[in-house]
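Single-structure report; data block below.
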Amino acid sequence: MKRIFLTLIMISAAWSSLACTNFIVTKGASTDGSVMVSYAADSHQLYGCLYKYTPVRNGSDEVAVYEWDTGKYLGKIPQADVTYSTIGNMNEHSLIIAETTFGGREELETPNGIMDYGSLIYITLQRAKTAREAIETIAALTNEYGYASSGESFSIADRDEAWIMELVSKGPFGKGIVWVARRIPDGYVSGHANQSRITSFPLDDPENTLYSDDVISFARERGYFNGRDDEFSFCDAYAPADFGTIRGCDARVWSFFRTVADGMDEYTDYALGHNPSHRFPLWVMPREKVSPKTVFDAMRDHYEGTPLDMTVDIGAGGHRCPYRWRPMNFEVDGTTYLNERATATQQTGFWFVAQARPDQPDYMGILWFGVDDAATSCLTPIYCSTTAVPECLKEDNGSILDYSDTSAFWIFNRVAHLAYLYYDRVAPVIRRNVDEWENGKLSEVAEIDAEAVKMPSKRRTKLLTRYSVETAQRLFSKWQSLDKYLFVKFIDGNIKTEDENGFVENGAGKRIPDRIEQPGYSERWKRAVAADNGEILKVLE
């Protein structure tokens, strides 16, 4: 129990910084032939906004590096001769890079360089066109300037390939990183969520597996591995899984696999953290091709329909709320318990599903972008070649400490907080609005695609930028209206009834509601309250 408790404490500390989820779909596994990568940037301190980089020469041959998590200045590196524009975690060539932090062995977490994982992502997006180039760039930057973060899993994808690259610092024992990258076979899906997932790998297949020369020898030197080279497992050497990392991290990937592929119930014991040796595969073949909307919705998962379902135990309260506030664990009478951590979580800063599309030019990749909790927010399409950022998503429009009436992050948080209060009532209304919007935009994008490819480059860029910006602003306005509607409909625990004309009035002409509903609490909650304090609350005849 002490081992589990200490593990949960460490996981809790890591998640207070940044804990994320990535799902990956290869082009052969998707309904529209696109390569898809999802990402939720889950941090209690991260402000949800859309980053934009435009290549510009300002007279400097150097780039300042600031740690993404903290804003701390780390140093400078030389500027590249050529850089590419980026929007969020995607560049103008449809290169996508996302990440999840796994930490790894504590003694390797000592920073020994100036390239933190966040800067590594965005600088690499500025310098690489393809996934393979990105892997080379990440390795080169960290080997030259050192690495300033703990262990990371990167999702790296272009219009043809999708890779998982896992790396960890050498800490005080050397400069740079040890790493391995595996190409996900076409027709398969994969994912990672704050736990290293690459175990053993082929040593002589450079088409599908790349790795640092010292990835095995360094592990031997440090005493992490002493078997044959072909038995080497990156995960087991540098980030061994335990109850905390399985239950809080790998379980999210298992739930996604279970959604799209058959046979995953076999690994329920692993997802529960009860059988660590029964690890599920790094990638699986889906039962049918996966649509973008399926990936959107997979990011909204709370383990519904599994033994980990967060809506059914008493922790869900009287309104079946699938959220547990931090810390990640609690103790009762000397026994430690966990607060479940699903894919959709309250502390998301921003999230996306990026599409690199082989049937479209590379400048027509799409970043479906959203802010705050994926389960109560909505994605809007941003073309990767857009030259402007919507006002509601700008970095300088508010902050995590400054409310802004024009910020998407704050309006989505307002709606989410009402949902958390009356989840079983409010969340279905939000979801109807989400589905209506996202399904509509998926159809609309096809029309924009057809129009854009016929245009000369300048007109096309203007069209894609205008569409991306104006659509995001329309979503912001829609959620402002939804916020007001939900507040009026559900205030004070009541539910105002509606008909085709809106809220039902009592007929007196004074805008007074009629037929207010008060459905009360869930049956499980009522029974728990009765068991806890029934003698005091019992109504006497």
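The structure presented is a predicted model; accordingly, all values stated were derived computationally and were not measured. Sequential numbering from 1 along the given sequence is applied to the chain's residues.
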**Item:** salt bridge (Lys or Arg N to Asp or Glu O under 4.0 Å) involving Asp297 - partner list, sequence neighbours excluded
**Value:**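 Partners of Asp297 under the salt bridge (Lys or Arg N to Asp or Glu O under 4.0 Å) test: Lys293, Arg300, Arg431.
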**Request:** Please list, chain by chain and in numerical order, all residues satisfying salt bridge (Lys or Arg N to Asp or Glu O under 4.0 Å) with Glu395, sequence neighbours excluded.
**Result:**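 Counting only residues at least two positions away or on another chain, Glu395 forms no salt bridge (Lys or Arg N to Asp or Glu O under 4.0 Å).
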[X] with [Y]: basic N within carboxylate O range, under 4.0 Å:
{"X": "Arg258", "Y": "Asp265", "result": "yes"}
{"X": "Asp229", "Y": "Arg220", "result": "yes"}
{"X": "Arg132", "Y": "Glu161", "result": "yes"}
{"X": "Arg324", "Y": "Asp313", "result": "yes"}
{"X": "Arg357", "Y": "Asp32", "result": "no"}
{"X": "Arg247", "Y": "Glu340", "result": "yes"}
{"X": "Asp214", "Y": "Lys170", "result": "yes"}
{"X": "Arg279", "Y": "Asp236", "result": "yes"}
{"X": "Arg341", "Y": "Asp42", "result": "yes"}

Distance-only, no hydrogens or angles: does the [X] side chain make a donor-acceptor pair with backbone N or O of [Y] under 3.5 Å?
{"X": "Tyr238", "Y": "Ala219", "answer": "yes"}
{"X": "Thr137", "Y": "Glu133", "answer": "yes"}
{"X": "Gln195", "Y": "Ala239", "answer": "yes"}
{"X": "Asp242", "Y": "Thr245", "answer": "yes"}
{"X": "Ser30", "Y": "Ser34", "answer": "yes"}
{"X": "Thr306", "Y": "Leu308", "answer": "yes"}
{"X": "Glu231", "Y": "Arg228", "answer": "yes"}
{"X": "Tyr39", "Y": "Phe23", "answer": "no"}
{"X": "Arg182", "Y": "Asn208", "answer": "no"}
{"X": "Thr142", "Y": "Ile138", "answer": "yes"}

**Request:** Please name the residue in the list Asp186, Asp160, Asp158 that meets the salt bridge (charged side-chain N to carboxylate O under 4.0 Å, His left out) test with Lys27.
**Result:**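 Output: one option passes, namely Asp160.
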Working to the nearest 0.5 angstrom, can you tell me the gap between [X] [atom1] and [Y] [atom2]?
{"X": "Ile382", "Y": "Leu464", "atom1": "CD1", "atom2": "CG", "result": "11.0 Å"}
{"X": "Ser155", "Y": "Ile24", "atom1": "OG", "atom2": "CD1", "result": "3.5 Å"}
{"X": "Arg183", "Y": "Ile135", "atom1": "CZ", "atom2": "CD1", "result": "11.0 Å"}
{"X": "Cys249", "Y": "Phe102", "atom1": "SG", "atom2": "CZ", "result": "11.5 Å"}
{"X": "Ile123", "Y": "Gln79", "atom1": "CD1", "atom2": "CD", "result": "8.5 Å"}
{"X": "Phe232", "Y": "Ile216", "atom1": "CZ", "atom2": "CD1", "result": "5.5 Å"}

**Message:** Testing Tyr51, Phe352, Phe350 one by one against Phe369 for a ring-ring contact (aromatic ring centres under 6.0 Å, His included), which residue passes?
**Reply:**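 The passing option is Phe350.
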Would you call the rings of [X] and [Y] parallel, tilted or perpendicular, where under 30° means parallel and over 60° means perpendicular?
{"X": "Phe218", "Y": "Phe173", "answer": "tilted"}
{"X": "Tyr323", "Y": "Tyr420", "answer": "tilted"}
{"X": "Tyr267", "Y": "Phe280", "answer": "perpendicular"}

Quiz question: by atom type and distance under 3.5 Å, do the side chains of [X] and [Y] form a donor-acceptor pair?
{"X": "Tyr147", "Y": "Asp116", "result": "no"}
{"X": "Trp368", "Y": "Gln355", "result": "yes"}
{"X": "Thr294", "Y": "Ser291", "result": "yes"}
{"X": "Asp301", "Y": "Ser255", "result": "yes"}
{"X": "Ser43", "Y": "Gln45", "result": "no"}
{"X": "Glu92", "Y": "Ser385", "result": "no"}
{"X": "Asp449", "Y": "Tyr383", "result": "yes"}
{"X": "Asp269", "Y": "His274", "result": "no"}
{"X": "Ser94", "Y": "Tyr363", "result": "no"}

Can you confirm whether [X] sits close enough to [Y] that some side-chain heavy atom of one is under 4.5 Å from a side-chain heavy atom of the other?
{"X": "Val434", "Y": "Glu438", "result": "yes"}
{"X": "Asn112", "Y": "Pro172", "result": "no"}
{"X": "Cys49", "Y": "Val371", "result": "no"}

**Prompt:** Should we say atom NZ of Lys76 is surrounded by more than 12 heavy atoms from elsewhere, each under 6.0 Å from it?
**Reply:**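 No, the 6.0 Å shell around NZ holds no more than 12 heavy atoms from other groups.
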**Prompt:** Does atom CD of Glu107 have more than 12 heavy-atom neighbours, drawn from other residues, nucleotides or ligands, at distances under 6.0 Å?
**Reply:**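 Counting other residues, nucleotides and ligands, CD of Glu107 exceeds 12 neighbours.
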Considering non-hydrogen atoms only, spot the tightest contact between [X] and [Y] and give its length.
{"X": "Ala162", "Y": "Thr26", "value": "CB-CG2, 4.3 Å"}
{"X": "Val353", "Y": "Ser38", "value": "CG2-CB, 3.9 Å"}
{"X": "Gly48", "Y": "Phe409", "value": "N-CD1, 3.4 Å"}
{"X": "Glu166", "Y": "Ser196", "value": "OE1-OG, 2.6 Å"}

**Asked** For Thr343 and Tyr303, what are the C-alpha separation, side-chain angles and deciding distance, and is it a side chain to side chain donor-acceptor pair (under 3.5 Å)?
**Response** CA-CA 8 Å; Thr343 300; Tyr303 298 130; 5.8 Å; no
**Stepwise side chain to side chain donor-acceptor pair (under 3.5 Å) test for Thr21 and Trp351** = CA-CA 9 Å; Thr21 304; Trp351 67 293; over 6 Å; no
**CA sep, side-chain torsions, deciding dist, call: Asn89, Tyr122, side chain to side chain donor-acceptor pair (under 3.5 Å)** = CA-CA 7 Å; Asn89 288 54; Tyr122 297 110; 2.9 Å; yes
**Between Phe201 and Tyr211, ring centroids under 6.0 Å** =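 Yes, the ring centres sit under 6.0 Å apart.
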